[in-house]
Amino acid sequence: MAATGGEIKKSARLAMMEISNMLSVPMALNAIVRLNVPEAIWQSGSNSPLTAAEILARLNPPPPSSASPSNLQRLLRLLSSHNVFSEHLDGGHRRYNLTEIGRTLVADDDEANGGVSYAPYVLQHHQDALVRAWPRLHEAILDPDGPEPFSRANGGVSAYAYYGGDDAANDLMRRAMWGVSVPFMEAFLDEYGLAGGLEGVGTIVDVGGSSGACLQMIMRRFPAVKTGINFDLPEVVSGAPEFPGIIHVGGDMFKSIPSGDAIFMKWVLTTWTDEECGLILKNCYNALPAGGKLIACEPVLPEETDSSRRTRALLEGDIFVMTIYRSQGKERTEEEFKQLGCSAGFPNFRALYFDPFYTVLEFQK
């Protein structure tokens, strides 16, 4: 039986109530990460269903005696509805353990990469300085050429300057990006590297490479890559650790980029305007030999909007960029990236989709 007009309106009102209150979800997630709830449940792999009171008793650091199991349970119920936890009703008690989604918040046992999780990513996204920016999102529409919402909310300080001037925030950012990067890099090395994407590459340049850790992963897996050039701002590479075969070079990608057989970059183009991306790509083109490749790993928007988790994650990330980094920085479609590369001189382009969030964009000279 078809829904009546009244039923449709009721459903619409309920949907708007959910959307309006959706802020509760990331804030609840932030709270359970700050409390170290996932680690308390995981317990070195046991992942046994626990009551809220049992979880509180296992928190590290221990909570004060006034800590509320009932309030914690309210957060756990909400996040269970989003499949972060599994809820088990047992004789009137509610017990919780981690789902596969919740498991991403606990450091894995990858000793080579120091054990990584998405927990720092959650914390990084919900720092006070970032949260302050969101009520000013509408100003990115009214004044797109003015400061982005983050700068407006933080005394004119840009996100880049904020991280550069706050050691704790910068450390959290590095841990957040590393937690996201490692799973992607493993997939990249398996799918792209083992398929011959790095064949013939002796020197590779990582633009915006921060510590050089991604270069280290590439060179550890593919010994034929003898030299890695970690290229970033001088103040970034000045504190980068030493890795065998990796040279740290400080500079400005808008002026020039070191030469290599291939150039690698990850989540660089997204935070810049089309004009700025064109300049970065042109500098990459000039730094490569004939046949050389620029390998850019970026979120790529679908042409058509749907309600899939992937599309939602990408579009949410796009609005994050608008709010925090640049009002006219943006995620792009495959065709938009292709046109940017063509304008910079790259005759060959292909997009490889083997990660649910990042796409590998190959521009060949």
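In summary, the side chains of Gln328 and Thr273 do not present any donor paired with an acceptor at a separation below 3.5 Å, with no hydrogens or angles considered. Checked by atom type, the side-chain pair Glu54/Tyr96 shows no donor-acceptor distance below 3.5 Å. A donor-acceptor pair shorter than 3.5 Å cannot be found between the side chains of Asp232 and His248. There is a side-chain donor-acceptor pair under 3.5 Å between Lys266 and Ser181. Of the N and O atoms on the side chains of Ser256 and Asn283, not one donor lies less than 3.5 Å from an acceptor on the other residue. Between the side chains of Glu148 and Ser151, a donor-acceptor pair is found at a separation under 3.5 Å.
Here the CD atom belonging to Gln127 is positioned 9.5 Å from the CD1 atom belonging to Ile324, to the nearest 0.5 angstrom.
Heavy-atom minimum distance, His82 versus Ile101: O-CD1, 4.3 Å. Between Leu29 and Leu105, the shortest heavy-atom contact is CD1-CD1, 3.9 Å. The two residues Arg174 and Ser211 have their closest heavy-atom pair at NH1-CB, 4.2 Å. The minimum heavy-atom distance between Val122 and Val33, with the atom names listed, is CG1-CG2, 4.1 Å. For Leu98 against Val106, the heavy-atom pair with the smallest separation is CD1-CG2, 3.7 Å.
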Point to revise | Test log, rule salt bridge (Lys or Arg N to Asp or Glu O under 4.0 Å), inputs Arg312 and Asp306 | key: CA-CA 8 Å; Arg312 286 178 172 173; Asp306 57 46; over 6 Å; no
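Contacts of Arg103 classified as salt bridge (charged side-chain N to carboxylate O under 4.0 Å, His left out), with partners at least two apart in sequence or in another chain: none.
Neither Val205 nor Val237 shares a network with the other; the hydrophobic side chains, linked directly or stepwise wherever heavy atoms of I, L, V, M, F, W or Y lie under 4.5 Å apart, form separate groups for each. In terms of hydrophobic clustering, with Ile, Leu, Val, Met, Phe, Trp and Tyr side chains grouped at heavy-atom distances under 4.5 Å, Phe264 and Ile247 are assigned to a common cluster. No continuous path of hydrophobic side-chain contacts links Val249 to Val236 [ILVMFWY only; heavy atoms under 4.5 Å].
In this structure, Phe150 has its ring center at least 6.0 angstrom away from the ring center of Trp134.
A salt bridge links Asp143 to Arg152: one of the charged nitrogens lies within less than 4.0 Å of a carboxylate oxygen. Salt-bridge formation is detected for the pair Glu87/Arg77: a Lys NZ or Arg NE/NH1/NH2 atom is positioned less than 4.0 Å from an Asp or Glu carboxylate oxygen.
A ring pair (Phe, Tyr, Trp, His ring centres under 6.0 Å) with Tyr358 holds for exactly one of Phe188, Phe184, Tyr353; it is Phe184. When the options Ser117, Ser210, Cys214 are evaluated for a side-chain contact (heavy atoms from CB on, under 4.5 Å) with Trp178, the one that passes is Cys214.
The cationic group of Lys365 does not satisfy the cation-pi geometry with Phe346, failing either the under 6.0 Å distance to the six-membered ring centre or the 45° limit from the ring axis.
Counting only residues at least two apart or on different chains, the salt bridge (charged side-chain N to carboxylate O under 4.0 Å, His left out) pairs with a member in residues 154-172 are Asp171-Arg175.
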Quick one: side chains of residues 190-199, donor-acceptor pairs under 3.5 Å with protein atoms, not counting sequence neighbours, listed by atom name and distance.
from   : atom 1 : to     : atom 2 : distance (Å)
Asp190 : OD1    : Arg221 : NH1    : 2.8
Tyr192 : OH     : Gly197 : O      : 3.4
Tyr192 : OH     : Glu362 : OE2    : 2.6

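More than 12 heavy atoms of other shown residues, nucleotides or ligands fall within 6.0 angstrom of atom CE in Met22.
Using a distance-only test at 3.5 Å, with no hydrogens or angles considered, a donor-acceptor pair links the side chain of Thr99 to the main chain of Val84.
Ring planes of Tyr160 and Tyr325: tilted class, angle from 30 to 60°.
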